[in-house]
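Take a look at the structure set out below.
Numbers restart at 1 for each chain; the letters A, B, ... are given by sequence-line order, proteins then strands. For the numbers below, each heavy atom of this structure counts, side chains included, while hydrogens, waters and symmetry mates do not. Bear in mind that the values here come from a model prediction, so they are computed numbers and not experimental data.
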Protein chains: 2
Amino acid sequence: MDDEEARQRVLDAAEALFYERGLQAVGIDDIRAASGVSLKRLYRCFGSKHELVSAYLDRTDLRWRSALAEYVSAVGGDPREAVLAVFDWLGLWFAEPGFRGCAFINAHGELGEVAPDVAAATRRHKEALLAYLTRLAERACPGAGRALANQLLLVVDGAIVTAAVHGASGAAAAGRAAAAALLDAAEHSRAARLHRDQQVIRS
Amino acid sequence: MDDEEARQRVLDAAEALFYERGLQAVGIDDIRAASGVSLKRLYRCFGSKHELVSAYLDRTDLRWRSALAEYVSAVGGDPREAVLAVFDWLGLWFAEPGFRGCAFINAHGELGEVAPDVAAATRRHKEALLAYLTRLAERACPGAGRALANQLLLVVDGAIVTAAVHGASGAAAAGRAAAAALLDAAEHSRAARLHRDQQVIRS
DNA sequence: TTCCTTGGAGAACGGCGGTTCTCAACAGTA
DNA sequence: TACTGTTGAGAACCGCCGTTCTCCAAGGAA
């Protein structure tokens, strides 16, 4: 086993354990036992538990966002359907065995601003998600993407939290319905804005 | 100092520390030092750290929900304004110094289902909030309160999480705008339903 | 074979956690 | 005053944590 394979095995074990039990509740020795990597090599690869936590969060961010984007891009080009597909994907995720909410929200709730690295990683993750939602929203409703995406982000995070606390049932569907209503509202206000602008031009 | 006063002082200290730093990060000795209550009395009043955590969550639930309800009931009787006032109150809460998100979401994210008491308290809190939102939504949009409240809950929790991660700015306003759009959508579909029903009766 | 490096297993260390125990001080009472 | 029960301060206990260190086995090179 070379260092690269050890890194992956440690990260795999850390991901499973951190996500299931939280950051503070899993010890280095749990990760060592689950990964089969010796303590010495583990510390050579990661240096400290803090670094391992950061690596876990970084990899989770990448994997989570690319899984979402892949699903959404596969549903086709209709902008409105793309936004709604986000919630279909969330529904699939919520139903996975072992689902326990958003790794970042959980980590941030556990450590808060006391752990600046974790807080920063959480902010980066949510900002990237907001940027992605903004792209989707802008395509569905040009000119109102920013405001719509801010609202969609609330619905997404709310659905994740509700699914984690209450179990999967219904949160994704409620989120999808809310998103549809927000899309309609944004579309209506866009139409009203265009109408008003045209009147201004005519007058 | 009698036992009742000791209980309050311990709970006050526990509330501040647990909320700021998380459950596992604060030790019994921190609470003893902050409250000025001796270890012996502390254990006589609460028995264990678990019990203290439960008591902290219970009191937080009561205080949080009654503060919200008090604010909302003070804005007057208009049902739509009452729903929107929820987000005004959230905005005030987010701006408080030391705001760090929802104590229950944080606790649940930290310990998850590993701590059944904490998970149950979180579920109770969110169910009570949902029941309250359902009452408000039912008054604003009779017959569609249940579905609307499910969506509003997502927006509320999403706003809390976003405010905690990103700082207060904008989350409450975005939540208010989303809630207004959801109210409009529910009202429209109610009007459409009534219209359809009347046509059925006429035919 | 002999030497040297590498890696793994796990002991060791220093610190901190929740909880219990000891002991001295003190209040109330006869 | 002498006795009793209660209290608070903090030591003690036991176990866990992250991290480092020791020791030994294995394996390639000369």
Rounded to whole Å, CZ of Phe46(B) lies from P of dG18(C) at a distance of 15 Å
Item to complete: Step through the shown structure and confirm whether more than 12 heavy atoms of other residues, nucleotides or ligands are within 6.0 Å of CD on Glu5(B).
Response: yes
Its contact letters, B for base, S for sugar-phosphate only and - for none at protein heavy atoms under 4.0 Å, make nucleotides 7-18 of chain D read BBS--------S
- Query: So, Glu110(A) side chain and Gln24(A) main chain: donor-acceptor pair closer than 3.5 Å or not?
  - Reply: yes
Q.
Donor-acceptor pair, distance only, cut-off 3.5 Å: does the side chain of Tyr19(A) make one with the backbone of Ala103(A)?
A. no
Validation row: Gln151(B), Val155(A) side chains within 4.5 angstrom (heavy atoms): no
With five pairs defining each end axis, the helix from dT1(C)-dA30(D) to dA30(C)-dT1(D) comes out bent, to 10°, by 20°
Would you say Asp30(A)'s side chain and Gly27(A)'s backbone share a donor-acceptor pair under 3.5 angstrom? yes
Between the main-chain N or O of Ala159(B) and the side-chain N or O of Thr162(B), is there a donor-acceptor pair closer than 3.5 Å?
no
The side chain to side chain donor-acceptor pair (under 3.5 Å) partners of Arg176(A) (sequence neighbours excluded) come to Asp88(A)
Do the non-hydrogen side-chain atoms of Asp29(A) and Arg32(A) ever get within less than 4.5 Å of each other? yes
